[in-house]
Amino acid sequence: MNTTDSNPLLSRHSDALALFGGHVHAVREDQWQASTPCTDWSVRDLVNHLTVEQLWVPPLVTERRAIDEGADGGFGFDPEGDVLGDDPVAAWDRAATAAREAFAAPGALDRTVHLSYGETPCAAYCAQMVVDLVVHAWDLARGIGADERLPADLVDFAVREVGPYSAELEKSGLFAAPVEPSPGADVQTKLLALLGRRV
C-alpha cells in the first residue's frame with residue numbers, strides 16, 4: 001500500500017487531479033479558446049491557471065521555499081504567463097505528477113508552507129488545492145460540454161473544507177459572490193452556488 005492509498009487527504013488530492021486531468025485530456029483542438037464559467041477565462045486560460053497551481057507545489061513543499069521567491073519567475077516558470085506551450089495536455093500531466101509526488105513524499109503533509117497570506121500547514125494547503133481542482137473541474141466540464149457531475153466524495157470533502165471560510169472567499173477576488181441555490185438543490189449545486197457558480 002502506498003502513501004496515497006493509506007492517507008485520505010492524499011487520496012482526495014489524487015482523485016481531484018484525475019478528475020480535472022480527465023477533462024484536460026478530453027479538450028478538442030477547437031475548444032481551447034471556448035468560454036468557461038470563470039469570467040474572462042477561456043478553456044486554455046483555465047487549464048493554464050490550474051497547471052500553474054500545480055507547479056507551485058514542489059518548490060513550496062519539497063524545497064520549502066517561500067511563495068514570494070517565485071513571484072517573478074524564481075521557480076522556473078512565470079506564474080502570470082502561459083506555461084502550457086505547444087502541448088497543453090503534456091504540460092498539465094507533468095505539473096500534476098510533480099504536485100502529486102511532492103504532497104505524497106514522506107512527512108510532506110506535516111510541514112509548514114510559506115504562502116502569500118503567511119505560514120500554513122501543508123495539509124491545509126493540500127486540502128485547498130483539492131477544492132480548487134474540484135470546482136474548476138466543473139468549470140472545465142461546462143466549458144467543453146463534458147459530464148458536469150462531480151464525485152460525491154469530492155463534493156462532500158469540498159463542502160466541509162469551504163464551509164468555515166466561505167464568507168471570505170469573495171473578498172479574495174478569486175471567487176464570485178455566492179448565489180442562492182434553487183429550492184431542493186443537491187449538495188453539488190449548493191457547493192457551486194456557494195462559490196458563485198450558476199448551474
Side-chain angles (χ1 to χ4, degrees), residues 10 12-27 31-105 108-109 111 113-120 122-144 154 158 161-162 169 171-176 195-197:
L10 291 177
R12 296 294 81 75
H13 180 251
S14 182
D15 291 346
L17 284 171
L19 175 66
F20 187 85
H23 293 323
V24 173
H25 279 259
V27 179
Q31 292 181 314
W32 287 105
Q33 297 307 317
S35 61
T36 73
C38 299
T39 305
D40 298 329
W41 278 1
S42 66
V43 165
R44 184 182 177 95
D45 294 330
L46 178 58
V47 174
N48 187 73
H49 169 71
L50 269 295
T51 302
V52 168
E53 290 293 302
Q54 309 319 307
L55 290 173
W56 283 111
V57 179
L60 295 177
V61 175
T62 305
E63 300 170 27
R64 305 191 190 194
R65 297 172 68 181
I67 198 166
D68 57 4
E69 294 179 49
D72 59 355
F75 291 168
F77 64 92
D78 179 1
E80 301 297 328
D82 183 293
V83 299
L84 299 181
D86 296 332
D87 193 340
V89 176
W92 159 260
D93 285 345
R94 287 191 298 270
T97 297
R100 182 186 298 108
E101 291 175 350
F103 278 130
L109 293 182
R111 300 172 188 164
V113 291
H114 305 280
L115 303 181
S116 58
Y117 48 85
E119 294 191 350
T120 303
C122 188
Y125 173 42
C126 185
Q128 292 165 15
M129 293 286 279
V130 173
V131 174
D132 203 42
L133 285 159
V134 171
V135 174
H136 284 314
W138 180 85
D139 294 328
L140 183 54
R142 173 151 291 197
I144 65 173
L154 289 178
E161 174 64 22
V162 168
L169 292 174
K171 296 178 184 177
S172 72
L174 299 176
F175 293 94
L195 298 175
R197 271 68 174 174

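Position 1 is the first residue of the sequence; numbering continues from there.
Checking side-chain atoms of D139 against main-chain N and O of R142 turns up no donor-acceptor pair under 3.5 Å. Judged purely by atom type and a 3.5 angstrom limit, R111 uses its side chain to pair as donor or acceptor with the backbone of V61. A donor-acceptor pair under 3.5 Å is absent between the side-chain atoms of S14 and the main chain of L10, judged by distance alone. With hydrogens and angles disregarded, a donor-acceptor distance shorter than 3.5 Å links the side chain of T120 to the backbone of G118. Under the 3.5 Å distance criterion, the side-chain polar atoms of R197 are matched with a main-chain donor or acceptor of L195. Side-chain N or O atoms of Q54 include none that pairs as donor or acceptor with a backbone N or O of A99 at under 3.5 Å. A donor-acceptor pair is defined here as one N or O able to donate and one able to accept, closer than 3.5 Å; such a pair exists between the side chain of D45 and the backbone of S42.
Among all heavy-atom pairs drawn from A102 and A108, the shortest one is O-CB, 3.3 Å. Closest approach of V43 to S35, counting heavy atoms only: CG2-O, 4.4 Å. For the residue pair E161 and A127, the shortest heavy atom distance occurs at OE1-CB, 3.5 Å. The heavy-atom pair separating A96 from L17 by the smallest distance is O-CD1, 3.7 Å.
Side-chain contact between D132 and E53 is present, with heavy atoms from C-beta onward closer than 4.5 Å. Within the 4.5 Å cutoff, no side-chain heavy atoms of D78 are placed close to those of V83. For the pair D68/H114, no side-chain contact is recorded, criterion being any heavy-atom separation below 4.5 Å from C-beta on. Residues R44 and Q33 form a side-chain contact, since some pair of their non-hydrogen atoms from C-beta on lies under 4.5 Å apart. Contact of the D93 side chain with the H25 side chain is registered, since non-hydrogen atoms from C-beta on lie closer than 4.5 Å.
Between the CG atom of L55 and the CZ atom of F75 there is a distance of 11.0 Å, given to the nearest 0.5 Å. With rounding to the nearest 0.5 angstrom, the CG atom of L60 is 8.5 Å from the CZ atom of F103. Annotation: the span from E69 atom CD to E63 atom CD amounts to 9.0 Å, rounded to 0.5 Å. Rounding to the nearest 0.5 angstrom, the gap separating the OG1 atom in T97 from the CH2 atom in W92 is 9.5 Å. Expressed to the nearest 0.5 Å, how far CG of L50 lies from NE2 of H23 amounts to 11.5 Å.
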**Message:** Please determine whether side chain to side chain contact (heavy atoms under 4.5 Å, CB included) holds for the pair I67 and W56, giving the CA-CA distance in whole Å, both sets of side-chain angles, and the decisive distance to 0.1 Å.
**Reply:** CA-CA 8 Å; I67 198 166; W56 283 111; 3.5 Å; yes
* Check against side chain to side chain contact (heavy atoms under 4.5 Å, CB included), L19 and W138 -> CA-CA 9 Å; L19 175 66; W138 180 85; over 6 Å; no
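When each of V27, T36, L46 is paired with I144, the side chain to side chain contact (heavy atoms under 4.5 Å, CB included) condition holds for V27 and for no other.
For N48 and T51, the side-chain atoms include no donor-acceptor pair closer than 3.5 Å.
Within a 6.0 Å radius of CG in D40, other residues, nucleotides and ligands contribute 12 heavy atoms or fewer.
In this structure, H136 and W41 have tilted ring planes: the angle between them lies in the 30° to 60° band.
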